[in-house]
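By convention in this document, chain letters (A, B, ...) are assigned in the order of the sequence lines, proteins followed by strands, and residues within each chain are numbered from 1. Basis for what follows: all heavy atoms, side chains included, without hydrogens, waters or symmetry-related copies.
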Amino acid sequence: MVAIRLYNTRTRQEEELVPLIPGKLRMYVCGPTVYDRAHIGNARPVVVFDTLFRLLRHVYGEGAVTYVRNFTDVDDKINAKAAQTGRPIRDITDETIGWYHDDMDALGALRPTHEPRATEYIGAMIAMIADLIDRGHAYAAEGHVLFDVRSYAEYGRLSGRSVDDMIAGARVEVAPYKRDPMDFVLWKPSDDSLPGWESPWGWGRPGWHIECSAMAKELLGETFDIHGGGIDLQFPHHENEIAQSCCASHTGKFANIWMHNEMLQVEGKKMSKSLGNFFTVRDLLDQGYPGEVIRFVYLGTHYSKPMDWTHEKAEQAEATLRKWRERTRDVIPGEVHPGVLQDLADNLNTAGAIAELHVLANAHDAPTLLASARLMGLLTEELGGWETEGPADGATLSALDDLARRLARLREVAMDTKNFSEVDTLKQALIAAGVEVRMSKAGVELLPGAGFDAEKVWALKG
RNA sequence: GGCGGGUUGGCGGAGAGGUUACGCAGCGGAUUGCAAAUCCGUGAAGACCGGUUCGAUUCCGGUACCCGCCUCCA
């Protein structure tokens with residue numbers, strides 16, 4: 001069995017993945033707050049950990065891997081949207097979850113084993129909060145329950161911060177009911193306009209961090225193998241998860257390996273609404289970027305480095321995938337290339353693995369290329385189809401066929417007369433219409449290419 | 001202020017203390033009426049300053065610059 005090595009943020013070093021339960025692998029990844037379409041930054045961890053999920057299933061067996069990714073469906077952003085639109089919260093979250101599934105499916109991400117909704121685990125959260133109070137790690141105050149960061153000596157270990165340093169930064173909410181400014185909310189009161197649940201501390205709703213601790217415990221147990229998410233979650237979210245879970249557990253342990261993907265940028269800049277470079281996955285799909293192309297761009301940069309989304313990368317990815325799909329058409333997948341597997345097992349080096357795929361393609365080893373690419377969720381049947389669809393409808397395609405025949409006739413004549421001016425005129429017009437013109441001894445082939453303009457084609461047909 | 005990431009050939013982007021990354025673009029060739037597509041081949045690198053070493057782009061220290069998180073936005 002291939003040894004998988006992963007960089008562990010918790011220990012700041014690369015480690016061999018040794019399942020806590022032999023033969024079983026348990027992974028938790030922080031999922032979305034469901035109040036709007038997922039943007040392309042949200043999608044990076046989805047693709048990264050989907051690729052890891054696929055690798056783990058390949059190595060340990062499909063049934064041996066349990067992957068949990070939550071939906072945060074109780075949150076003030078959702079409440080705000082409900083208040084703004086007058087729609088019921090459940091409508092909003094159901095709709096958003098549907099979008100999320102559609103969009104992530106389009107990127108070739110497998111559905112996790114479990115996708116728990118926070119609102120379905122309120123009981124487990126209340127139980128964990130009560131347990132934390134009993135153990136002296138949390139306290140109720142003015143309808144809130146707060147975690148006492150001073151009660152947990154390891155607080156700040158994951159993110160390499162000390163409580164005192166963070167207070168010096170003075171970016172924390174100071175509330176009179178807090179014992180320490182860094183204490184964070186486990187439970188907070190709700191008024192009539194907000195969603196809430198009965199609890200020992202009154203009508204209220206959970207703080208953000210407790211849901212992951214509670215759901216991970218319910219679905220994976222007190223300890224498990226891998227916890228993933230974006231690096232932005234390292235503090236405070238993951239720090240707080242660790243504090244809650246470790247203080248509420250019998251072993252004092254939580255996730256074994258912590259993995260964080262770096263952030264995504266757009267054309268070299270932070271994606272933000274104010275810069276106008278903010279895209280949802282749906283935006284890109286609607287603009288015509290196939291989901292597989294988006295996935296390929298993501299996998300082209302190692303997850304531990306900032307990734308830049310650029311149009312140029314997407315174009316190159318599309319050209320590469322187009323070529324590979326042509327080469328693997330009707331090919332039966334062979335064995336996964338050991339080099340590809342080795343690269344993925346080496347801290348999920350997807351960029352290195354893609355380089356190996358290029359080598360396989362150049363070596364004309366289509367069966368191995370296909371099997372290896374599929375391990376990464378590329379060249380799969382589900383993601384295919386886009387490469388042959390093209391931007392032309394059926395009628396336009398038949399118009400192209402007519403033009404191809406006309407061009408072929410003109411060319412035959414020109415071969416005899418040695419006067420190619422008419423052929424070249426038509427060819428240039430076709431190229432100007434975004435048509436790829438392929439002429440060979442076998443004949444003439446016209447394909448809709450980049451910048452294809454159906455109107456110009458119809459004008460040429462006359 | 002605290003924490004973290006980065007700086008590699010024209011562009012993108014990896015690994016490895018000594019031997020070709022890889023892709024795109026470029027260049028040469030095959031093919032083509034000319035092209036396109038395809039195929040074959042090929043030049044080009046590691047911010048700066050020190051240190052360790054027989055040897056560093058790769059390890060260590062420092063400098064500069066870029067970026068992110070700590071704040072509703074991943």
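- A:Arg44 comes within contact range of no nucleotide atom at all, as no heavy-atom separation falls under 4.0 Å.
- Annotation: B:U63 and B:G2 have their P atoms spaced 14 Å apart (nearest Å).
- Judged by a 6.0 Å distance limit and a 45° cone about the ring axis, A:Arg44 is not positioned over the six-membered ring of A:Tyr303.
- Checking B:C73, B:G33, B:A37 against every side-chain atom of A:Val423, the shortest atom distance belongs to B:G33.
- Protein atom CD of A:Glu356 is 14 Å distant from nucleotide atom C1' of B:A16, rounded to whole Å.
- Here the separation of B:G23 from B:G61, taken at their C1' atoms, is 35 Å to the nearest Å.
- Atoms CE (A:Met439) and P (B:A36) sit 11 Å apart, rounded to a whole Å.
- Among the protein residues, A:Leu264 comes within range of the nucleic acid bases, having at least one heavy atom under 4.0 Å from a base atom.
- Heavy-atom nearest nucleotides on RNA chain B were determined for A:Lys313 and for A:Asn261, and the one closer to the 5' end corresponds to A:Lys313.
- When the nearest nucleotides of RNA chain B are assigned to A:Gly300 and A:Ser159 by heavy-atom distance, the more 5′-ward of the two goes with A:Ser159.
- Taking atom P in both B:A37 and B:A14, the straight-line distance is 27 Å, to the nearest Å.
- Residue contacts for A:Lys323: at a heavy-atom cut-off of 4.0 Å it reaches the sugar-phosphate backbone alone, with no base atom in range.
- Under the 6.0 Å cut-off for aromatic ring centres, A:His260 and A:His238 qualify, their centroids lying closer than that.
- With B:C73, B:C22, B:A14 as the choices, the nucleotide that has an atom nearest any side-chain atom of A:His358 turns out to be B:C22.
- Comparing atom distances between the A:Met415 side chain and each of B:G33, B:G12, B:A14 picks out B:G33 as nearest.
- Judged purely by distance below 3.5 Å, without hydrogens or angles, the side chains of A:Asn8 and A:Glu14 never pair a donor atom with an acceptor atom.
- To the nearest whole angstrom, the two C1' atoms, one in B:C60 and one in B:U52, are 7 Å apart.
- Considering A:Ile92, A:Val74, A:Ile89 in turn, A:Ile89 is the only one that fulfils the side-chain contact (heavy atoms from CB on, under 4.5 Å) rule with A:Asn79.
- Looking at heavy-atom distances under 4.0 Å, A:Gln265 makes contact with sugar-phosphate atoms alone, never a base.
- Atom C1' of B:C65 sits at a distance of 15 Å from the matching atom of B:C49, rounded to the whole Å.
- At a cut-off of 3.5 Å, with distance as the only test, no side-chain donor of A:Gln244 or A:His137 sits close to an acceptor on the other residue.
- When heavy atoms are screened at a 4.0 angstrom cut-off, A:His302 is found touching the sugar-phosphate backbone but no base atom.
- The side chain of A:Arg12 places an N or O atom within less than 4.0 Å of a non-bridging phosphate oxygen (OP1 or OP2) of B:G4.
- Ring orientation note: the planes of A:His209 and A:Phe184 are nearly perpendicular, at an angle over 60° on the 30°/60° scale.
- B:U38 atom P lies 8 Å from atom CD of A:Glu326, rounded to whole Å.
- If you take atom C1' in B:U8 and the same atom in B:U20, they sit 16 Å apart, rounded to whole Å.
- When the P atom of B:C67 is taken as reference, atom NZ of A:Lys305 falls 18 Å away, rounded to whole Å.
- Summarising the geometry, the separation between CG on A:Leu407 and C1' on B:A37 is reported as 15 Å, rounded to the nearest angstrom.
- Taking the O4'-C1'-N9-C4 or O4'-C1'-N1-C2 dihedral as appropriate, B:G26 has a value more than 90° from 0 and is therefore anti.
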Please evaluate residues A:Arg111 and A:Asp105 with respect to the criterion salt bridge (Lys or Arg N to Asp or Glu O under 4.0 Å), reporting the C-alpha separation (whole Å), side-chain torsions for both, the decisive distance (0.1 Å), and the verdict. CA-CA 8 Å; A:Arg111 299 281 177 93; A:Asp105 289 354; 2.7 Å; yes
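- Of the candidate nucleotides B:C34, B:C73, B:G68, B:G68 has the atom nearest to the side chain of A:Met263.
- Backbone-only contact: A:Phe235 has heavy atoms under 4.0 Å from sugar-phosphate atoms and none from a base.
- At whole-Å resolution of the value, CD in A:Gln316 and C1' in B:G23 are 7 Å apart.
- Residue A:His364 is in sugar-phosphate contact alone, with no base atom involved, counting any heavy-atom pair closer than 4.0 Å across all strands shown.
- One cannot find a donor-acceptor pair under 3.5 Å joining the base of B:C73 and the side-chain atoms of A:Lys77.
- Salt bridge annotation for A:Arg282-A:Asp103: present, with a cationic side-chain nitrogen under 4.0 angstrom from a carboxylate oxygen.
- Closest to the side chain of A:Lys427, out of B:C11, B:A36, B:C34, is B:C34.
- When both pairing distances are held under 3.5 Å, B:C54 makes a Watson-Crick or G-U pair with B:G18.
- Comparing B:U32 with B:G15, their C1' atoms are spaced 40 Å from each other, to the whole Å.
- As rounded to the nearest Å, B:A64 and B:A21 have P atoms that lie 32 Å from one another.
- When the C1' atom of B:C73 is taken as reference, atom CD1 of A:Ile78 falls 14 Å away, rounded to whole Å.
- One can place CG of A:Leu348 at 15 Å from C1' of B:G15, the figure rounded to the nearest angstrom.
- The residue A:Asp424 sits close to a base: some heavy atom pair falls under 4.0 Å.
- Side-chain proximity of A:Asn362 to B:C22, B:G2, B:C72: nearest is B:C22.
- If you check every strand for non-hydrogen atoms under 4.0 Å, A:Tyr35 touches sugar and phosphate atoms only.
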